[in-house]
Structures are given as structure tokens and as C-alpha cells.
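Each remark here refers to the structure printed beneath this line.
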Protein chains: 2
Amino acid sequence: MRTPATQWSRGGEQHVVELSDGTVPAATVGRLPYYLRALRDLAAEGVGLTSSTELAERSGVSSAQLRKDLSYLGSFGTRGVGYDVESLASYITVALGLETEHRLAIVGIGNLGHALANYSGYATRGFQVVALLDASPDVVGTRVAGVTVEHVRGVADVIQRERVSMVVLALPGLGAQDVADAVVGSGVREILNFAPIALQVPDDVVVRSVDVGGELQILAFHAATRAAAL
Amino acid sequence: MRTPATQWSRGGEQHVVELSDGTVPAATVGRLPYYLRALRDLAAEGVGLTSSTELAERSGVSSAQLRKDLSYLGSFGTRGVGYDVESLASYITVALGLETEHRLAIVGIGNLGHALANYSGYATRGFQVVALLDASPDVVGTRVAGVTVEHVRGVADVIQRERVSMVVLALPGLGAQDVADAVVGSGVREILNFAPIALQVPDDVVVRSVDVGGELQILAFHAATRAAAL
DNA sequence: TCATGTGAAGGAATTCACAGCG
DNA sequence: CGCTGTGAATTCCTTCACATGA
């Protein structure tokens, strides 16, 4: 009656990427965060050993999927036994590059930007919000989550000064492309975009987009489909 | 130098779904919102006719992809000419079920819940926030975005009273499953989940999950990969 | 002639099923 | 014996390339 169900909104990537010896499919990369989350939960519950079945169930994927995914990274389990929670978690942490510090700037301190600035669970360490930017005079100069909001016109300077490596765009569509251009021009190669537009960026820049309105529309499609089936 | 790039975080669905005469692949459904967005932008710019090339570019997909996607819905263009912006937009609007009203409840009025409640661009009509719920006594009773926050314990009653058809879960992981159970028990079949857990729901319930922390981790992976390539 | 619409081809991701190893 | 790890099979998605029709 209750099944894991496919529900994650991932898999936007296209090309595989290098890691250690081989390549990791984009779809696999997109699932590593769930595995890490599940492993941390297990560790918090005091579980030291787990199986592909248990871990998969908690991650919302099939056990075959989980094993296949892990096989792209290496070989971590013990046949006939399972996986050591701690060591697998730490390996995935390394694979995801979470042992190094990532310095974030958030551009657009509206409702969403505020929420993101105050968002506590930045994936349990690894990420630090070092700069906030906005275009509105009402917001510039105020302090949010312990950081003073600066004007977006100085985005290039801020990125250099704070050694920002990732930028979160939380502005409303219009203007997002211009900021993206400036940000890319300053050397940033990873962008998390909440604006509902397809950013045009060079090939070597990775953009992940989150579109709440689009997600709702997809749900609406299913609702309509369900209604039509009656 | 500037390419559309694959950047959308969609495609979580697994099974195809019925529509009109045939079936629409999940991947296609996930892209319909971009097409609609691009069409509305074009309409706002006064463009009445467009091509698969133009529309695809604005949506961040290839023109072949766009044409193939539209072919699952029917045949809307004129060979040798292109697509009528208005009529294609209205068809996709219908296909997505946006001509009917969708009544939302948001559970968890923290930073994110606040932002979502105040989120203006609910995909340009079609969605209406009719209820807000939280567990904290500090929040219950306050008004947010014109709606009074009620206690989450009454979620079943609220869903019935307000005829809620979709629920947004903006609570922090712990407790999300319990609320999901109650929500599903009240007949809701579409859930947008911001909690970083794999919700266990019946097969006929559609869950779309958005995990900001996970998105950042995926970006971190790419950053690490880039660094390793040097 | 030109851009759509679409079979066919190609590639990617998932599932299967079992070999392999503790 | 049990569970991992993985080739093989399958399914799904994307791209190609051209027939089609305004």
C-alpha cells in the first residue's frame, strides 16, 4: 500500500562526468544526495550496518538501482553482509565534494531569498552563505541572517572579495540572465537558479534550476489526467 | 559560446500517463511548463507566430525535442510556417489542467512556507492558496498572505472544509511523513514536498520533491569534478 | 520552399538475474 | 547461505533525417 514511489525531481543533467577512475552517469549523481541523507539518518539512529534493500527503501529507489549507482563509484559493501554506514557515508561525502568549503552568494533577497538565506540545513556543513545581493534600495544595507545585503551592481567585486564559488539566483525571471552573465564573467561555474527561465551560459557552467510553479503544473497535469480517467 | 544547456531538474516520474487519445511520456510532461512559459513570454512581447527553433531555444531544449514532445499531444503547427503562439499556449494550458482551479494548502509556515505563501507567480492563475497550517503555537493564529494559520492537527478537517486538492509540505523532514499520511487519508492525491525525505505514499498519489540541499550537493559534485580535472 | 511531424536509429537509464565472494 | 556487484536485457528518452503538406 505504501511504496517508495518515484518522486524526486532530478536528472536534468545530460553528459556523464569524470570521477576517480571512470565516469558517473548524471542520473546517478542526482541520487547520491538521497543516499547520503539516508545514511546520515541511519547513523543518527545508531545503525552501523545496512543493506542495499534498507538503504534503497529509505532513499525511494529500487535496491538494484542503488547497487548499480554505487558500482559507478567503486565497491564498498561486503558480500553477504551489507554496507558500513559510516564509511559509505564518508565516501559519498568525498565523492560529492562536501569536504571542501563552498562559499555561496544569494542574489535576490525577496521572499525566497530570505528563506534561503535563513535556511539552516545547508546539507549539514560544506556550504556557507558569504554574500547577499539585491537591487532594491529598501533591502540593500539591511542585515539578513547575519549578512549585510549589498547592491547587485557590485556583484563582480563581491564574488572576488568573498571568493564566492557558487551563486544562487532567487530573482524573479527578469534580470536573471544579466546577473548570470556577470556572475559567469566573474569566474563562477556553478549556479542554482530559481528564476523560471532557461539561462544561457557557456558549456562549462553547470546550472541547476528549481521551478516551483513548474512543479505545481506537473501536479496539475496528473490531477487532470486522473479526472479524465473517471 | 552561450548554449541553452540542460539545466532543468525534472523527470522524476516513471510511468507514462493517459491524455486525450494516447500517452504522454513523463519527461515530456516535465517540459510542458517551460514551453508554456516561453509561449507566454512571446505573447507578452507581441509575437504571434513562432517556430520550433525559436521556442526550443527559449525553453532550453533542442528543436527536435520540442517537436517530438508536441507530437505526443497532437499536431498544432503549420508546415512551412510554424506555431501560432496563442493557440499553442492555450492548448498546453488545457493539457496541463490549468483551466481548472487548484486549491492548495501549505503545511509548515517557517521561512520557506512563508515565502511560498507569499509567492506571487503561482504559474499565472490556476492555483490558489486556501489554507496554511503549522504546529508551532507561535505561528498558529497569525495571518500570512491574507490567510490565518491553523494548527496542523486539524489538517483533515481543513482539507475537507476548503476542498484542498494539492498540498505543499514545507516542514523540516521530521513529521513530514505523518502529515503526508493524514493528507493522503483525506483524499489528496498530489503533493509537493520540500522535506528532504522519500515520502511513502500509495501508488496513485503523485509526489514531486524539491530538495535545495540536494541541488547544492549536485553542484558541489561538479565543482569537485572540475577541480579534479585540473 | 520551408518548417512541421514522425518513423527509425542511437544512446541512456533502469531492471533483471545470477555470478562471485565473504 | 546471503547480499553485493555486474553483465545482459529491457525500457525509456533523445537525436537524426526525411517524408509530408501547407
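Below, all heavy atoms of this structure are taken into account, side chains as well, without hydrogens, waters or symmetry copies. Here is how names work: the chains are called A, B, and so on, in the same order as the sequence lines, proteins then strands, and each is numbered from 1.
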If I take atom CG in residue Asp84(B) and atom P in nucleotide dA22(D), what distance separates them, rounded to the nearest angstrom? 17 Å
What is the distance, to the nearest angstrom, from the CZ atom on Phe76(B) to the C1' atom on dA22(D)? 17 Å
Leu73(A) CG - dG5(D) P separation (whole Å): 11 Å
Taken to the nearest 0.5 Å, the spacing of Arg58(A) CZ from Glu45(A) CD works out to 4.0 Å
Please confirm whether the shortest side-chain N or O distance from Tyr83(B) to OP1 or OP2 of dG5(C) is below 4.0 Å. yes
Listing time: all N or O pairs from protein to nucleotides 20-22 of chain C that are below 3.5 Å?
unit_1: dG20(C); atom_1: N3; unit_2: Arg79(A); atom_2: NH1; d: 3.2

Min side-chain heavy-atom separation Gln177(A)-Leu199(A) under 4.5 Å: yes
If only side-chain N and O atoms of Gln65(B) are considered, is one of them under 4.0 Å from the OP1 or OP2 phosphate oxygen of dT15(D)? yes
Nearest nucleotide by nearest heavy atom, which residue falls closer to the 5' end of DNA chain C, Leu70(B) or Asp69(A)? Leu70(B)
Is there a donor-acceptor pair under 3.5 Å between the side chain of Arg189(A) and the backbone N or O of Val184(A)? yes
Within this structure, what is the NZ-to-P distance between Lys68(B) and dG7(C), rounded to whole angstrom? 7 Å
Please report the distance, rounded to the nearest Å, between CZ in Arg67(A) and P in dC18(C). 14 Å
Leu66(B) side, atom CG; Ser63(B) side, atom OG - distance, nearest 0.5 Å: 7.5 Å
Check whether any side-chain N or O of Ser51(B) sits under 4.0 Å from OP1 or OP2 of dA3(C), and answer yes or no. no
Show the numbers, then the answer: is there a side chain to side chain contact (heavy atoms under 4.5 Å, CB included) between Leu104(B) and Gln128(B)? CA-CA 6 Å; Leu104(B) 304 184; Gln128(B) 198 186 343; over 6 Å; no
Please state how far atom CG in Leu55(A) lies from atom P in dG5(D), giving the value in whole angstrom units. 12 Å
Counting the atoms with a prime plus P, OP1 and OP2 as sugar-phosphate, which does Ser62(B) contact under 4.0 Å by heavy atoms, base, sugar-phosphate, or nothing? sugar-phosphate
Out of dT15(D), dG5(C), dA13(C), which nucleotide sits closest to the side chain of Ala27(A)? dA13(C)
Check the distance between dT4(C)'s P and Glu54(B)'s CD and give it to me in whole angstrom. 10 Å
What contact category does Thr53(B) fall into here, base, sugar-phosphate, or nothing, at under 4.0 angstrom with non-hydrogen atoms? nothing
For Ala198(A), does its backbone N or O pair with a side-chain atom of Gln200(A) as donor and acceptor, under 3.5 Å? yes
Are the side chain of Arg226(A) and the backbone N or O of Asp204(B) linked by a donor-acceptor pair below 3.5 Å? yes
Rounded distance (Å) that lies between atom C1' of dG5(D) and atom OH of Tyr72(A): 12 Å
